[in-house]
Number of protein chains: 2
Amino acid sequence: MKISTKGRYALRMLIDLAENRDQGYISLKDIAERQSISRKYLEQIVQLLNKTDMLKTSRGYNGGYMLAKDPSEYRVIDILEITEGNLACVSCLEDEVNECKRAGFCKSLKVWQGLDNVIKNYLSSITLQDLI
Amino acid sequence: MKISTKGRYALRMLIDLAENRDQGYISLKDIAERQSISRKYLEQIVQLLNKTDMLKTSRGYNGGYMLAKDPSEYRVIDILEITEGNLACVSCLEDEVNECKRAGFCKSLKVWQGLDNVIKNYLSSITLQDLI
DNA sequence: TCAAATCCTATTGAGTTAGTAGGAATTTAA
DNA sequence: TTAAATTCCTACTAACTCAATAGGATTTGA
């Protein structure tokens with residue numbers, strides 16, 4: 001029941017970009033140093049974010065990344081779903097339709113549905129704006 | 001960010017015991033069959049619960065397990081902490097005192113503290129009584 | 001042209017998960 | 001007294017995930 005380094009580092013990176021969003025493009029080298037994260041590992045994580053429209057990128061000399069939108073438009077839940085994968089706390093809640101044969105009579109299911117709700121409600125309520 | 005089979009199976013086993021608590025000692029064989037869980041695996045999980053005062057045990061012929069207390073006294077959070085280990089959503093929140101060097105200025109920490117709170121509040125609010 | 005940066009993909013050691021397996025100890029019924 | 005049914009204890013393992021490391025291709029500004 002742990003958030004992995006991918007999700008944690010991604011959030012720290014985006015907070016860093018939000019804090020420095022008046023500085024133009026920020027290189028991974030700078031972020032990696034400020035955040036004490038391996039630059040090579042951060043490269044992989046940023047590619048996950050880069051598949052979405054969250055970031056603007058500049059390659060080559062003086063290149064780097066910047067936020068594509070206002071910090072208030074980055075919900076923590078979206079950041080984590082991109083980097084951690086499905087946030088469902090049990091696998092039978094990963095899909096829209098519960099495929100588990102026991103779903104119809106499973107007494108424990110309501111625990112997981114409720115847990116899923118409080119987690120997702122909470123993470124939906126926070127944006128980068130709240131963290132800088 | 002998943003609850004493992006240990007926690008899920010333990011909860012299902014205890015719900016089963018709560019539902020059948022007027023039937024005397026219930027064998028793992030019966031529970032394993034009703035719940036479609038490997039008996040041998042369930043043996044390991046029940047030993048985790050058995051280290052606490054949650055269960056009464058009878059060995060030998062016609063032996064089995066029963067709840068030691070009223071279902072309302074079994075909080076889901078306690079069941080999961082015993083079987084899953086520490087439920088903290090990030091490792092820096094596992095101990096009473098946060099040992100992370102970055103804790104003093106980490107902007108992401110408040111996300112994890114808040115998430116930890118909503119998870120633990122929710123899981124503390126549910127008992128076996130609510131699930132039968 | 002060179003240096004600094006992103007982009008892309010392969011590999012790997014360590015740890016975790018979800019069991020399987022075998023047998024010892026205990027208890028009751030026949 | 002013996003056999004069967006049960007818990008108790010511990011070792012093992014295949015598959016998977018995590019957290020990087022690594023090497024180089026590509027792009028771009030000075």
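Every chain is numbered from 1, with letters handed out A, B, ... down the list of sequences.
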Hey, does A:Tyr9 reach any base, or is it just sugar-phosphate, or nothing, if we go heavy atoms under 4.0 Å? sugar-phosphate

DNA chain D nearest-nucleotide lookup for A:Gly60 and A:Ser38: closer to the 5′ end is A:Ser38

Of A:Lys40 and A:Ser4, the one whose closest nucleotide on DNA chain D sits nearer the 5' end is A:Ser4

Closest nucleotide among [options] to the [X] side chain:
X: B:Ser27; options: D:dA11, D:dT21, D:dT6; value: D:dT6
X: B:Tyr65; options: D:dT7, D:dG29, C:dT6; value: D:dT7
X: B:Tyr61; options: D:dT7, D:dT10, C:dT28; value: C:dT28
X: A:Asn50; options: C:dC7, D:dA20, C:dT20; value: C:dC7
X: B:Arg59; options: C:dT28, D:dA20, C:dT26; value: C:dT26
X: A:Tyr41; options: C:dA21, D:dA20, D:dC8; value: D:dA20

Checking only heavy atoms, does the side chain of A:Gln47 share a donor-acceptor pair with the base of C:dC8 at less than 3.5 Å? no

Report yes or no: is the cationic atom of A:Lys69 (NZ for Lys, CZ for Arg) under 6.0 Å from the centre of the six-membered ring of A:Tyr74, at an angle within 45° of the ring normal?
yes

Rounded to whole Å, the CD-P distance (A:Glu43 to D:dA20) equals 14 Å

Atom CZ of A:Arg39 and atom P of C:dT6 are separated, to the nearest Å, by 7 Å

